[in-house]
There are 2 protein chains.
Amino acid sequence: MNISAASKAAGLPVKTVRYYADIGLVEAPSRSGAGYRTYDDVTVRKLVFVRRSRAFGFSIEGCRELLSLYQDQDRTSSEVKRIASQRLEEIEEKQRELQSLHDELAHLVTSCRGDHMPDCPIIDYLG
Amino acid sequence: MNISAASKAAGLPVKTVRYYADIGLVEAPSRSGAGYRTYDDVTVRKLVFVRRSRAFGFSIEGCRELLSLYQDQDRTSSEVKRIASQRLEEIEEKQRELQSLHDELAHLVTSCRGDHMPDCPIIDYLG
DNA sequence: CCTAATCTCTCCATTAACTGGAAGGTCAAG
DNA sequence: CTTGACCTTCCAGTTAATGGAGAGATTAGG
């Protein structure tokens, strides 16, 4: 499988597929005579794994950790659960931040008349 | 006012204060004989303005735009409101994303037993 | 077999918004 | 006069890719 086929199979851009091998997130693929990367199904499955993990907002380092559990026959589900719970808490923290940001900004936007006059509670608040 | 005083007054790190002048977000401060930056109240107020705008998640370019409205006597509140509303929508979009992420991950975490066995619905989902 | 289009390669630069650190000059206190 | 705090510039690094140049490889059509 050349890189563009792997890219399609994994649902990731070609550049990203190369990048993930460059940083050692997945193993470097073997090369054809002309130096073309040749991907196998195992690596493609890891790429898919990384794509899904990234979609949950895991950092590359987090993906590295998850990948090693993915490949570890002796893992315990509690290890995985711990990592996922941690990420869940980060998401919840972010949600709280965003909520208060939202409420404050929404309040300001509501109180702004939005007319042709310069007076503006939003600007007043910021300044 | 030397940079550390301005930094404290603005509530921003010294490095950031320098940076904001470097990128032309606020005007470059005058210099003392020895080359020390000397800040005045007007610039400090703009730095505060930028800090608050950044806290709402406005990009530097967004801050630039807001700052120019801040200083524009002929602005209309509708311009400000438009920009703020736009940011509000971005926040809401982000909230929706985060919510579905949260729900999906929470579901997985809940369904994972978190014991000493390797079987794990989280890993299964990702792989 | 030739050519044009498509793939692929490597390497370098860029993005956003800072942050960290090195090497060195300045200033105020004791 | 020295110590320590403060200031300067410049360069590098952070995250996770992405864009592009320039060059080689492969494939499809004629």
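All chains are named by letter (A, B, ...) in the order of the sequence lines, taking the proteins before the strands, and each is independently numbered beginning at 1.
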Query raised in the report: Applying ring-ring contact (aromatic ring centres under 6.0 Å, His included), which residue pairs with at least one partner in residues 92-127 of chain B are found, sequence neighbours left out?
Result: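 For residues 92-127 of chain B, and leaving out neighbouring residues, the ring-ring contact (aromatic ring centres under 6.0 Å, His included) pairs sorted by first residue read A:F56-B:Y125.
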
Short of 4.0 Å, heavy atom to strand atom, which residues of [range] count as contacting DNA chain D?
| range | result |
| --- | --- |
| residues 32-58 of chain B | B:G35, B:Y36, B:R37 |
| residues 82-102 of chain A | none |
| residues 8-28 of chain A | A:P13, A:K15, A:T16, A:Y19, A:Y20 |

Test item: [X] and [Y] side chains (from C-beta on) under 4.5 Å apart, heavy atoms:
| X | Y | result |
| --- | --- | --- |
| A:L47 | A:Y20 | yes |
| B:D40 | B:M1 | no |
| B:R75 | A:I123 | yes |
| A:E89 | A:Q86 | no |
| B:E90 | B:E93 | no |
| B:L25 | B:R64 | yes |
| B:K46 | B:E27 | yes |
| A:R51 | A:V48 | yes |

Query - Atom of A:S4, atom of A:V14 and distance for their closest heavy-atom approach - result: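 Nearest heavy atoms, A:S4 then A:V14: CA-CG2, 4.1 Å.
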
**Report entry** Exercise: identify the closest heavy-atom pair between B:L105 and A:A84
**Finding:**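 Minimum heavy-atom contact is CD2-O, 3.9 Å.
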
Report task. Mind listing the residues from residues 61-69 of chain A sitting with a heavy atom below 4.0 Å of DNA chain C? Number order is fine. Result ->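 Going residue by residue through residues 61-69 of chain A, none turns out to have a heavy atom under 4.0 Å of DNA chain C.
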
Query raised in the report: Can you list the residues that meet the side-chain hydrogen bond (donor to acceptor under 3.5 Å, both in side chains) rule with A:D115, with sequence neighbours excluded?
Result: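 For A:D115 the side-chain hydrogen bond (donor to acceptor under 3.5 Å, both in side chains) partners, ignoring immediate neighbours, are A:R113, B:S77.
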
Report task. Between A:A5 and B:S59, name the one whose nearest nucleotide on DNA chain C is closer to the 5' end. Result ->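 On the 5' side of the pair lies A:A5.
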
Requested in this report: Report yes if at least one side-chain N or O of B:S4 is closer than 4.0 Å to OP1 or OP2 of D:dC7; otherwise report no.
Outcome: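 So the side chain of B:S4 is within the cut-off, an N or O lying under 4.0 Å from OP1 or OP2 of D:dC7.
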
Query raised in the report: To the nearest Å, how far apart are A:N2 CG and C:dC9 C1'?
Result: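 After rounding, the reported distance stands at 12 Å.
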
**Report entry** Distance in angstrom units between A:I60 CD1 and D:dA16 P, rounded
**Finding:**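 In whole Å, D:dA16 P lies 5 Å from A:I60 CD1.
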
Query - Side-chain donor-acceptor contact under 3.5 Å, B:D103 with B:S100 - result: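 No, no side-chain donor-acceptor contact under 3.5 Å.
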
